[in-house]
J.: 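There's a structure below that I have some questions on.
This structure is a prediction, so every number in the text was calculated from the model and none was measured.
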Amino acid sequence: MSPEASSAPRSLAEALRARDDASLAALLRDRPDLVAPVPTDLTQLATRAGTRASVLRALEHLDRFALQVAQALAVAPDPATYDTLHELLAGDDGDPAVTEALPDTVAALRRQALIWGDDDRLHLVRTARELLAPSPQHPSPTGLGPTVREATSGMSPGRVQQIVNTAGLPSTHDPVSAVNALTALFADRKRMDALLAGAPEAAREVLTRLMWGPPYGQVTADPAAHLRWLLDRGLLLPTAPGTVVLPREVALHLRGGRAHRVPEPVPPAVEPSVAHAPGIVDATAAGQAYTALATVEELLKHWDQGGPAVLRAGGLSVRDLKRTAVAIDAPEPLAAFWIELAYAAGLLASDGAADERYAPTPAYDTWLERPVAERWGRLATAWLAATRTAGLIGGRDIKDRALSALGPGLDRSAAPEVRHRVLTLLADLPAGVAPAPEAVLTRLTWERPLRTPQRDGTEDLRVRLARWTLSEAELLGVTGRGALAGHGRALLGAAPEPLSATERSTATAVGLLAPLLPEPLDHVLLQADLTAVAPGPLLRPLAETLGVLADVESKGGATVYRFTPASVRRALDAGQTAADLHAFLAQHSRTPVPQPLTYLIDDVARRHGHLRVGVASAYVRCDDDSVLNEIIADKRAAALRLRRLAPTVLAAPCDPATLLEGLRSLGYAPAAESAQGDVLITRADAHRTPPRTAPEPVPEGPPAPDSVLLTAAVRAIRAGDLAATTPLKAPGPQPAGGELPRTSPADTLATMQAAVMTGEAVWIGYVNADGAASQRVVAPIRVEGGFVTAYDHTADEVRTYPLHRITGVAELAED
């Protein structure tokens with residue numbers, strides 16, 4: 001054996017052992033599942049890197065060309081040379097794009113420990129080969145079938161010799177050499193060209209149909225002459241009664257050596273579709289951002305007194321979602337998005353009461369007091385990081401249960417990464433340029449290709465997440481007219497960064513958005529038809545008071561409010577007086593207060609509180625007994641079942657709220673009163689949940705390790721590997737691989753004391769208080785009181801070990 005061959009790694013563990021610390025850290029960074037928990041040594045790291053779950057996770061993060069390289073290695077001999085791999089991808093003619101991209105891709109796969117070995121002996125990790133190699137149950141994306149050796153494994157030796165002879169090869173003395181001769185024939189370009197030159201035209205058409213897969217076909221018990229010609233020469237081989245397969249070597253010859261019909265070494269470009277002036281994009285996005293804030297505020301204001309009930313299984317009922325959609329004048333899918341956005345931002349939660357309902361949180365009141373741009377920043381950052389996916393609402397989960405708004409089962413851990421990647425692709429284009437959505441989806445599909453089609457025929461989840469991201473970013477004002485806005489570009493740094501960087505990115509985005517938002521107005525225009533027109537956004541105190549005093553009739557660039565007896569009574573119930581309302585309108589109207597509006601306020605105020613409703617179950621009292629007589633005589637009041645307790649008091653068996661609503665429906669203006677006889681003032685912000693935190697995003701797999709953890713993990717793995725691989729001094733027991741050294745307590749104590757005197761390192765087995773066993777290389781410093789103080793090479797620090805927990809000790813070889 002040559003020195004070069006003997007120095008080549010014989011396993012993945014040996015290949016990892018030859019890496020430097022930076023390379024090991026890169027592996028753990030690319031595949032964070034390998035570091036949780038930290039492996040004890042490099043052999044355990046290699047074992048974990050070859051498990052099915054870990055390999056599947058790594059394959060799912062490969063781009064299309066890296067996956068094509070892995071698929072090509074899965075159909076190549078094991079081990080394969082770099083030249084063989086290059087030929088499988090570039091073909092006989094050589095694709096310059098493949099030639100240029102292949103070295104970096106092989107290096108990336110080697111860095112991720114999916115392949116190992118030098119360029120003359122490339123190995124695909126065994127689990128990856130099992131997942132990617134073609135089989136009848138799991139066809140390969142390459143479209144290739146089994147090799148000649150695999151296809152003839154169950155064939156009789158006599159039949160193999162017949163095929164060899166018919167193909168023009170000399171007879172051999174055993175089936176193995178016959179199969180080898182047939183394989184060599186199919187892999188020889190010149191001899192195969194000569195063999196196929198004599199094939200019937202119909203036979204060549206069959207080979208052309210099977211060439212790119214699937215490689216299996218059906219034949220009858222008495223095949224046609226052109227099929228018989230192929231079967232006699234082994235160009236088609238039987239795999240089961242009535243089924244034949246095109247051998248891999250034959251297919252590769254017909255393809256010109258290519259494993260894939262279309263290698264894709266270069267990612268598809270995201271081509272521009274429409275270009276706008278950057279200022280127009282930013283202004284459009286800013287307008288949509290303001291609309292988003294107004295919509296979320298309107299939604300939560302609608303639930304101010306306590307929103308819909310929480311379903312027993314959690315979430316919002318379909319009926320309540322429809323009602324909310326009508327209330328905010330939005331389609332149901334859009335209403336579901338705004339609800340989930342408010343929930344992700346911590347502005348909405350369940351109140352946790354016995355009759356559990358959804359309501360705004362205390363954080364909502366704090367949010368309302370912030371400047372407009374800062375309020376948008378909170379919504380945008382919550383959207384970027386959220387794993388709850390509103391687009392799934394209305395669908396069904398894997399157990400065929402309906403997915404409801406605010407309910408369980410909506411978390412998709414890939415959502416934040418997809419959102420960030422979509423926005424990054426938009427950011428790579430010049431300012432103001434919008435791509436075609438399909439171009440973005442094509443690029444994302446190349447970066448994470450589909451390996452398994454969806455069973456229900458729907459698009460892959462990442463594609464759907466990307467579609468939702470494009471529409472949601474437009475709704476939220478991150479993009480405008482399909483192009484990334486300036487403040488959206490600044491926001492990009494907020495998703496995958498630590499908190500401090502996230503805050504800086506959000507602050508930058510808020511600073512860019514603020515000048516683009518309209519300045520709130522301090523006035524409205526009152527009209528004679530009992531309406532008020534707000535020509536733009538209003539200052540918060542003005543908007544809140546006007547929202548109580550009048551009903552919103554229409555929205556848009558200008559908002560139209562309508563004054564009605566019910567709306568005026570609502571303002572009086574909130575503690576306002578007629579004088580307060582007249583002063584408010586005179587102060588904030590740029591037009592004279594119309595006389596009909598003045599009359600309306602005075603008329604409602606004159607009757608407001610004339611009747612008093614309290615607790616009996618409920619009672620009505622009034623100083624004017626003629627009014628009570630009028631109520632009792634009214635047939636419409638029969639449902640209230642009122643009875644007279646005194647000349648000025650009526651009682652009812654219903655609760656006060658029902659009595660209030662019943663009298664108001666009859667045209668009266670009663671006021672609620674307390675047990676002390678005081679008028680109760682109802683305020684719009686009466687119901688809030690207890691303090692709630694925003695829902696935590698569900699991560700996709702283990703979190704990425706930081707540099708400190710990587711450094712500590714590499715150091716621990718190195719030290720553990722040293723303990724596992726360092727030879728012991730002879731004579732002495734040599735524990736089998738993975739076993740702890742075993743010595744008697746007396747021998748352990750003697751060896752430790754000798755190591756203190758000589759300063760040498762020793763190998764110990766140690767069992768901690770939890771019963772976990774480990775092996776360590778330590779340099780004893782002191783032995784006293786039943787404890788050993790030593791420098792632990794595994795932990796890279798001085799530690800103290802109880803002697804009774806040391807299973808045994810062995811000296812290390814001096815080399």
Side-chain angles (χ1 to χ4, degrees), residues 72 75-77 84 87-88 91-93 133-262:
V75 298
T84 300
E87 184 178 352
L88 284 171
D92 295 342
D93 300 332
S135 68
Q137 295 77 24
H138 303 285
S140 168
T142 61
L144 293 170
T147 62
V148 172
R149 183 180 303 280
E150 294 167 348
T152 58
S153 60
M155 192 176 292
S156 66
R159 177 57 182 155
V160 173
Q161 292 292 344
Q162 289 178 0
I163 292 175
V164 168
N165 294 333
T166 307
L169 299 173
S171 300
T172 62
H173 60 281
D174 63 88
V176 175
S177 57
V179 170
N180 290 339
L182 194 61
T183 301
L185 168 64
F186 292 162
D188 190 313
R189 295 285 189 266
K190 292 184 178 179
R191 289 196 292 164
M192 271 295 285
D193 287 338
L195 177 63
L196 293 175
E201 183 65 28
R204 286 197 290 270
E205 291 178 1
V206 171
L207 294 178
T208 301
R209 286 199 301 270
L210 299 178
M211 177 172 61
W212 292 107
Y216 295 91
Q218 302 295 320
V219 296
T220 62
D222 184 20
H226 64 283
L227 295 176
R228 173 58 60 190
W229 191 93
L230 295 172
L231 289 167
D232 289 345
R233 289 156 181 79
L235 297 173
L236 291 180
L237 292 172
T239 59
T243 303
V244 294
V245 67
L246 181 68
R248 186 180 305 170
E249 295 84 354
V250 177
L252 287 174
H253 172 81
L254 297 172
R255 298 177 179 191
R258 287 185 186 272
H260 298 85
R261 184 192 291 263
V262 182

J.: Which pair of heavy atoms, one from Gly143 and one from Pro215, lies closest together, and at what distance?
T.: O-CD, 3.6 Å
J.: Would you check, one step at a time, whether the test side chain to side chain contact (heavy atoms under 4.5 Å, CB included) holds for Leu230 with Val244?
T.: CA-CA 10 Å; Leu230 295 172; Val244 294; over 6 Å; no
J.: Minimum heavy-atom separation for Pro139 and Pro136, please, with both atom names.
T.: CD-O, 4.3 Å
J.: For the pair Leu254 and Thr208, evaluate side chain to side chain contact (heavy atoms under 4.5 Å, CB included) and give the outcome as yes or no after the intermediate values.
T.: CA-CA 8 Å; Leu254 297 172; Thr208 301; over 6 Å; no
J.: Is any side-chain N of the basic residue among Asp232 and Arg228 closer than 4.0 Å to the acidic one's carboxylate O?
T.: yes
J.: Looking at every non-hydrogen atom in both residues, tell me the closest pair between His226 and Val206 and how far apart they are.
T.: CD2-CG2, 3.8 Å
J.: As an exercise, state the distance from CD1 of Ile163 to CG of Leu236, rounded to the nearest 0.5 Å.
T.: 10.5 Å
J.: Have a look at Pro247 and tell me which of Val148, Leu182, Leu252, Thr183 forms a side-chain contact (heavy atoms from CB on, under 4.5 Å) with it.
T.: Val148
J.: Of all heavy-atom pairs between Asn165 and Ser171, which one has the smallest distance, and what is that distance?
T.: OD1-OG, 2.8 Å
J.: Taking all heavy atoms of Thr84 and all of Pro77, pick out the closest pair and write down the distance.
T.: CG2-CD, 4.4 Å
J.: Is any side-chain heavy atom of Arg191 closer than 4.5 Å to one of Leu169?
T.: yes
J.: Quick check: closest heavy atoms across Ala151 and Leu237, and the distance to 0.1 Å?
T.: CB-CD1, 3.6 Å
J.: Please determine whether side chain to side chain contact (heavy atoms under 4.5 Å, CB included) holds for the pair Val250 and Leu210, giving the CA-CA distance in whole Å, both sets of side-chain angles, and the decisive distance to 0.1 Å.
T.: CA-CA 10 Å; Val250 177; Leu210 299 178; over 6 Å; no
J.: Applying the salt bridge (Lys or Arg N to Asp or Glu O under 4.0 Å) test to Glu87, which of Arg255, Arg258, Arg189 qualifies?
T.: Arg189
J.: Say you draw a straight line from CD of Gln161 to CG of Asp174; how long is it, rounded to the nearest 0.5 Å?
T.: 8.0 Å
J.: Using 0.5 Å steps for rounding, measure from the CG atom of Leu144 to the CG atom of Leu88.
T.: 8.5 Å
J.: Just wondering, do Val245 and Pro146 contact through their side chains at under 4.5 Å, heavy atoms?
T.: yes
J.: Are any side-chain N or O atoms of Arg248 and backbone N or O atoms of Val75, one a donor and one an acceptor, separated by less than 3.5 Å?
T.: yes
J.: Could you grab the distance from atom CD of Glu249 to atom CZ of Arg149, nearest 0.5 Å is fine?
T.: 9.5 Å
J.: Measure from the side-chain N and O atoms of Thr166 to the backbone N and O of Gln162, and report whether any donor-acceptor pair falls under 3.5 Å.
T.: yes
J.: So, Ser156 side chain and Arg159 main chain: donor-acceptor pair closer than 3.5 Å or not?
T.: yes
J.: Any chance you could measure Leu227, atom CG, to Leu235, atom CG, to the nearest 0.5 Å?
T.: 11.5 Å
J.: Tell me whether Asp93 at atom CG has more than 12 heavy atoms from other residues, nucleotides or ligands lying less than 6.0 Å away.
T.: no
